[in-house]
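For reference, the structure discussed in these notes is given below.
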Amino acid sequence: MITPDDERLVREHTVYACVTGSRAFGLATDDSDTDRRGVFLAPTPLFWGFTKPPSHVEGPADEQFSWELERFCELALRANPNVLECLHSPVVERIDATGEELIGLRDAFLSRQAHGTFVRYALGQRRKLEADVRVHGAPRWKHAMHLLRLLASCRDLLRTGELRIGVGDAREELLAVKRGEVPWSEVERRMTRLAQENDEAVSRSPLPPGPDLERVEAFLVRTRRASAATG
């Protein structure tokens with residue numbers, strides 16, 4: 001359960017908040033949840049005592065999750081798919097000057113490391129889907145849809161150097177998978193093809209080998225100092 005102090009951090013110190021999931025991907029239907037993600041900047045003095053501020057907070061609203069700025073940057077530098085997609089959401093609900101700076105660093109987080117994290121995550125999810133098929137005779141079709149979307153998103157990132165999370169013209173094709181209208185064998189074939197296309201794209205990608213750690217760290221230090229100066 002969220003504590004009053006944690007809730008205050010989210011309510012008073014959020015620098016960036018957005019909608020993620022199906023509503024950001026262009027895959028929302030009438031029954032879709034609204035997934036909200038955010039980044040809060042814990043005041044620097046909170047780090048000076050023995051009890052540190054939380055690295056993340058769940059809530060206070062349903063389907064809401066927020067990271068403290070440093071933790072968010074750490075995960076983004078590792079090319080965590082969920083965090084990078086949050087940073088590139090087209091549906092921004094709240095942003096201040098620090099959030100604008102964070103958005104301005106989008107390219108600093110992008111690198112060829114995305115190939116390893118996205119595809120490794122996708123492989124783990126595929127194994128879970130295959131287990132579902134063995135046990136229940138069918139996969140969780142919604143998860144299969146999102147796995148295809150994720151693999152296509154990473155492939156395009158590696159090819160272009162830009163992360164676009166909207167599915168565009170692929171919407172109906174993906175929703176057909178969610179409805180279970182595409183045979184599992186065909187879904188498997190698409191997953192395999194997309195994984196191969198990711199492998200082919202990484203060697204020719206315009207992305208740098210790794211993220212710009214120095215640029216991100218300079219932003220974090222500058223932001224912490226400014227917070228300390230104000231209180």
Check the hydrophobic clustering (I, L, V, M, F, W, Y; side-chain heavy atoms under 4.5 Å; chains of links allowed) and say if [X] and [Y] are grouped together.
| X | Y | result |
| --- | --- | --- |
| F109 | L213 | yes |
| Y16 | V19 | no |
| V91 | L87 | no |
| V216 | F40 | no |
| F47 | F219 | no |

### Message
Please check: side-chain N/O of S66 versus main-chain N/O of V57, any donor-acceptor pairing under 3.5 Å?
### Response
no
### Query
Is the backbone N or O of S205 less than 3.5 Å from a side-chain atom of R112, with the two atoms forming a donor-acceptor pair by type?
yes
### Query
Taking the six-membered ring for Trp, are F65 and H56 parallel (under 30°), tilted (30 to 60°) or perpendicular (over 60°)?
parallel
Which distance, rounded to the nearest 0.5 Å, do you find between the [atom1] of [X] and the [atom2] of [Y]?
| X | Y | atom1 | atom2 | result |
| --- | --- | --- | --- | --- |
| K178 | L27 | NZ | CG | 8.0 Å |
| E200 | R155 | CD | CZ | 10.5 Å |
| Q125 | R140 | CD | CZ | 7.0 Å |
| C86 | W67 | SG | CH2 | 5.0 Å |
| I2 | E58 | CD1 | CD | 9.0 Å |
| R179 | E172 | CZ | CD | 6.5 Å |

### Query
R126 and T192: side-chain donor and acceptor closer than 3.5 Å?
yes
Side chains of [X] and [Y]: does their closest heavy-atom pair fall under 4.5 Å?
| X | Y | value |
| --- | --- | --- |
| E70 | S55 | no |
| T98 | H13 | no |
| K52 | E68 | no |
| K128 | H143 | no |
| E188 | E130 | yes |
| V202 | V119 | no |
| L69 | L102 | yes |
| L158 | C154 | yes |

Can you name the nearest heavy-atom pair linking [X] to [Y], along with the distance?
| X | Y | value |
| --- | --- | --- |
| E85 | L150 | OE2-CD1, 3.5 Å |
| V167 | R149 | CG1-CG, 3.5 Å |
| A42 | S227 | O-OG, 4.3 Å |
| V10 | R94 | O-NH1, 3.6 Å |
| H115 | N198 | CD2-O, 3.5 Å |
| G161 | P206 | N-CG, 3.8 Å |

### Task
Please report the C-alpha distance between V187 and M191 in whole Å, then the side-chain angles of each, then the deciding distance to 0.1 Å, and finally whether the side chain to side chain contact (heavy atoms under 4.5 Å, CB included) criterion is met.
CA-CA 6 Å; V187 173; M191 289 176 179; 3.5 Å; yes
Over 12 foreign heavy atoms within 6.0 Å of [atom1], [X]:
| X | atom1 | result |
| --- | --- | --- |
| E186 | CD | yes |
| R225 | CZ | no |
| D30 | CG | no |

Return a table of donor-acceptor pairs under 3.5 angstrom between the side chains of residues 72-83 and protein atoms on other chains or two or more places apart.
from	atom 1	to	atom 2	distance (Å)
E74	OE1	R71	NH1	3.4
N80	OD1	N82	N	3.0
N80	OD1	V83	N	3.0

### Query
Under the side chain to side chain contact (heavy atoms under 4.5 Å, CB included) criterion, do R106 and L110 qualify, and how do the steps go?
CA-CA 7 Å; R106 279 174 172 171; L110 298 179; 5.6 Å; no
#### Entry: side chain to side chain contact (heavy atoms under 4.5 Å, CB included) assessment of F118 paired with L151
CA-CA 7 Å; F118 277 62; L151 285 168; over 6 Å; no
### Message
Apply side chain to side chain contact (heavy atoms under 4.5 Å, CB included) to residues L174 and F25 and explain how you reach the verdict.
### Response
CA-CA 11 Å; L174 288 167; F25 303 146; over 6 Å; no
